[in-house]
Amino acid sequence: LLILDFFLPFRWLVIAVGLVRAYLAKGSYHSLYYSIEKPLKFFQTGALLEEYLLIVKYFPGIVPSSVVLTAFQVMSRVFLTWAVTHSVKEVQTEDSVLLFVVAWTITEIIRYSFYTFSLLNHLPYLIKWARYTLFIVLYPMGVSGELLTIYAALPFVRQSGLYSISLPNKYNFSFDYYTFLILVMISYIPIFPQLYFHMLHQRRKVLSHTEEHKKSE
């Protein structure tokens with residue numbers, strides 16, 4: 001398990017390096033999604049199992065976190081990866097996709113580095129500070145990219161009828177994916193502030209405790 005935890009930050013470094021290499025090769029940040037599409041899908045889908053192992057089962061005490069909020073965050077990322085970006089090809093060139101991919105990548109490199117050093121009982125203050133500070137910018141950045149990408153997908157979903165089920169049918173059931181995406185966007189309104197303020201609370205708690213500990217030494 002320690003070996004698994006050690007390699008998790010490097011997994012997201014693969015995506016970071018892929019983005020940088022693609023940018024240097026193209027000289028433009030547009031359409032960089034294609035350079036990291038496969039590893040992003042693989043790594044982000046695997047996060048479902050990883051979050052259960054790392055947060056819920058094995059290390060629930062390393063970082064105080066809400067299981068419900070964490071589950072929403074992971075599921076929203078998997079949803080954005082497959083049900084929106086993968087399914088609606090037209091949005092893959094949107095700059096908003098790069099926005100959330102960069103936010104996810106930086107966030108996960110920091111977070112898994114935090115877990116790794118915590119497990120080794122040697123957590124540098126810089127990593128702890130980054131874990132509880134950079135989210136102030138990265139979380140809104142990621143959420144903005146996610147919402148803008150869903151918004152960009154709406155016209156194509158409506159036109160194609162993607163994943164929608166119309167009546168009549170033998171199951172007597174209908175589903176409008178276009179409406180569902182709008183509801184997903186609306187769901188960010190109550191959930192994102194909870195996640196954000198939860199992290200702000202943890203930041204005050206953890207960093208203030210660290211400062212008090214330093215003063216006492």
How about Asp95 and Leu99: do any of their side-chain heavy atoms sit closer than 4.5 Å? no
More than 12 heavy atoms of other residues, nucleotides or ligands under 6.0 Å from OH of Tyr34: is that the case? yes
So do Leu207 and Lys128 actually touch side chain to side chain, heavy atoms under 4.5 Å? yes
Parallel, tilted or perpendicular: which one describes the rings of Phe100 and Trp104, with boundaries at 30° and 60°? tilted
In short, Pro155 meets Ala152 closest at the heavy-atom pair CD-O, 3.4 Å
For Ile127 and Leu123, the nearest pair of non-hydrogen atoms, with its separation, is CG2-CD1, 4.0 Å
Is the Tyr188 to Phe192 ring centre distance short of 6.0 Å? no
Report yes or no: do Ser87 and Tyr163 form a side-chain donor-acceptor pair below 3.5 Å? yes
Nearest 0.5 Å, please: how far is CG in Leu154 from OG1 in Thr149? 11.0 Å
Is the shortest heavy-atom distance from the side chain of Leu162 to the side chain of Tyr178 under 4.5 Å? no
Answer yes or no: are there more than 12 heavy-atom neighbours, outside Phe42 itself, under 6.0 Å from its atom CZ? no
Is the ring pair Trp12/Phe43 parallel, tilted or perpendicular, if the boundaries are 30 and 60 degrees? tilted
Just checking Tyr151: does its OH atom have more than 12 heavy atoms from other residues, nucleotides or ligands closer to it than 6.0 angstrom? no
Pick one: which of Gln44, Glu146, Glu108 meets side chain to side chain donor-acceptor pair (under 3.5 Å) with Arg77? Glu108
Once the angle between the rings of Phe173 and Phe175 is folded into 0 to 90°, is it parallel (under 30°), tilted (30 to 60°) or perpendicular (over 60°)? parallel
